[in-house]
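Please read the structure below before turning to the comments.
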Amino acid sequence: MLVIHYKHLDEITSTITVDMKKQTVRVADYTDNVIDCAWGNYAKNHILAIDDFYAFLRNRLIPENRYDSKEVFSYILGREVHKIDETTILEAVKKTHGCMANDFYSLEFVELKVFDGTNNTFVPVKYQKDTDNPLSNGFVPCKGDTIKYKVVNTWYKEDYFGYEAACSYLCSKLLYAARKADGSRVDYVPYTIREIDGKIYSVSEDFLGEWKELYTLENLYMRIRGCRLYDNLSITDKTGCIIEFMEKELNITDAGCYITLLMEWDAFTLHPLRAMDDIYIIRDEDTFYPAPVFGFNKTWFYSIGKSKNMQYDMLLNHLHKKYGRQLYFDTDSLFPDIFDEIKQYYNHAIADKLKFLYKMQFSVN
């Protein structure tokens, strides 16, 4: 039996009870704010299964498919990890207490005890809280498929595939010169390139500040509406549901304009069609607003060799009819210095290919 307190800051918002033998999950909520509960309204609308529990735990750790995940799990557990399974995930969450870099939630595993008649005392069962917590060494897991380090208020993202920092830098320069339909500047996260100890990093400042939290739209949708978005909906219907949810439940004005701008940006930079778990919302106490455009790893080179996603054309035609075009680039500036700067860190082939893709996209847009 596992009993876990789900906490937001110092407040226990839910208690999760898991019977491993019966494979059942029960949850008791102590707040009316469904966003701060473990499953929100999803737990009220569904009988929770053990798969829901492990999906919940996975959301409090780095992705299993990240290329360095086994090394990270080995570091967390203090032993070599060859396979990441449900036992490993539970063991890792017990060590990290489910703390993540983007919010203030944590998991407190309750130490259950039974009476030992031989010694006339109570002894711990199943789990004893481990004081050797890697968080005390400054390690905080974060989402994403690349290695990131946060030093004070600066993020360092390691360039693993040999082009990520170059793409991030180019995207930053493009968005610096971009404008929205109303003439205002696009809210984005600037990236720079740095070489440290022979490794290349894309560097950015933390845009959350001290008390803001970052959620995926999928996470908020499930907690508030108590269900997941239907997979069998068309891409235009899905987008309509997303915009309606942002406007009605999160009170975000101009949600349609924001989603249109995001889709225009993704189509231009060859980003795969974005799902709800790749759209981010910032929470500032009881206020929600869209996150700035950030995370440019899945742009430009990422989609080379993959067929063009024709859904973009249909989706953008639909969005433009309702909200109009939202993203405008300064087509007079081809930024020749950018590619020269990229060549200082990469070989000429990377810079030249990136320049070719950039010009090709401008010619078709």
Any side-chain donor paired with an acceptor under 3.5 Å for Ser234 and Asp237?
yes
Lys/Arg-Asp/Glu bridge criterion (N-O < 4.0 Å) met for Asp103, Arg60:
yes
Answer yes or no: does atom CG of Asp10 have more than 12 heavy-atom neighbours from other residues, nucleotides or ligands under 6.0 Å?
no
Ion pair Lys298/Asp278, N-O distance below 4.0 Å:
no
With Phe73, which residues qualify under ring pair (Phe, Tyr, Trp, His ring centres under 6.0 Å), at least two apart?
none
Salt bridge (charged side-chain N to carboxylate O under 4.0 Å, His left out) evaluation trace for Lys343 with Asp352:
CA-CA 9 Å; Lys343 288 176 184 178; Asp352 291 342; 3.7 Å; yes
When you measure from the side chain of Tyr280 to the backbone N and O of Val293, does any donor-acceptor pair fall under 3.5 Å?
no
Taking Trp39 as the starting point, is it possible to reach Ile47 by hopping between hydrophobic residues whose side chains are less than 4.5 Å apart?
no
State whether Lys199 and Asp197 are salt-bridged, where the test is any N-O pair (Lys NZ or Arg NE/NH1/NH2 against Asp/Glu carboxylate O) under 4.0 Å.
no
Does NZ or CZ of Arg194 fall inside the cone over Tyr345's six-membered ring, less than 6.0 Å from its centre and within 45° of the axis?
no
Where is the tightest heavy-atom contact between Ala291 and Phe294, given as atom of each residue plus distance?
CB-CE2, 4.3 Å
Run the ring-ring contact (aromatic ring centres under 6.0 Å, His included) check on Tyr6 and Tyr105 step by step: do they pass?
CA-CA 7 Å; Tyr6 183 67; Tyr105 298 102; 5.2 Å; yes
Less than 4.5 Å apart, side chain to side chain, heavy atoms only: is that true for Trp300 and Lys353?
no
Looking at Asn219, Leu217, Leu220, which one forms a side-chain contact (heavy atoms from CB on, under 4.5 Å) with Met276?
Leu217
Member of His320, His318, Arg325 meeting the side-chain contact (heavy atoms from CB on, under 4.5 Å) criterion with Thr260:
His320
Find out if a path of hydrophobic residues (ILVMFWY) with successive side-chain heavy-atom gaps under 4.5 Å connects Val189 to Tyr176.
yes
Given 3.5 Å as the limit, does a donor-acceptor pair link the side chain of Tyr312 with the main chain of Glu264, or not?
no
Can you tell me if Asp159 uses its side chain to pair, donor with acceptor, with the backbone of Ala165 under 3.5 Å?
yes
So does Leu214 get a backbone contact from the side chain of Asn102, meaning a donor-acceptor N/O pair under 3.5 Å?
yes
Taking NZ, NE, NH1 and NH2 as the nitrogens, is one of them in Asp206 or Lys212 under 4.0 Å from a carboxylate oxygen of the other?
no
Side-chain heavy atoms nearer than 4.5 Å, only ILVMFWY residues, links allowed to pass through others: does that put Met314 and Trp265 together?
yes
Establish, from distance only, whether the side-chain atoms of Asp182 and Ser184 form a donor-acceptor pair under 3.5 Å.
yes
All ring pair (Phe, Tyr, Trp, His ring centres under 6.0 Å) counterparts of Phe245, not counting sequence neighbours
Tyr221
Check the pair Phe109 / Ile4 against side chain to side chain contact (heavy atoms under 4.5 Å, CB included), numbers first and verdict last.
CA-CA 5 Å; Phe109 284 74; Ile4 306 166; 3.6 Å; yes
Lys/Arg-Asp/Glu bridge criterion (N-O < 4.0 Å) met for Glu91, Arg79:
yes
Salt bridge (charged side-chain N to carboxylate O under 4.0 Å, His left out), that's the test. Do Glu164 and Lys157 meet it? Break it down for me.
CA-CA 9 Å; Glu164 297 99 316; Lys157 188 180 298 182; over 6 Å; no
Sorted by chain and number, sequence neighbours left out, ring pair (Phe, Tyr, Trp, His ring centres under 6.0 Å) with Phe104 holds for Trp211
Around Asp32, counting heavy atoms of other residues, nucleotides and ligands shown, do more than 12 lie under 6.0 Å from its CG?
no
With no hydrogens and no angle check, is any side-chain donor or acceptor of Ser172 less than 3.5 Å from a backbone partner on Tyr191?
yes
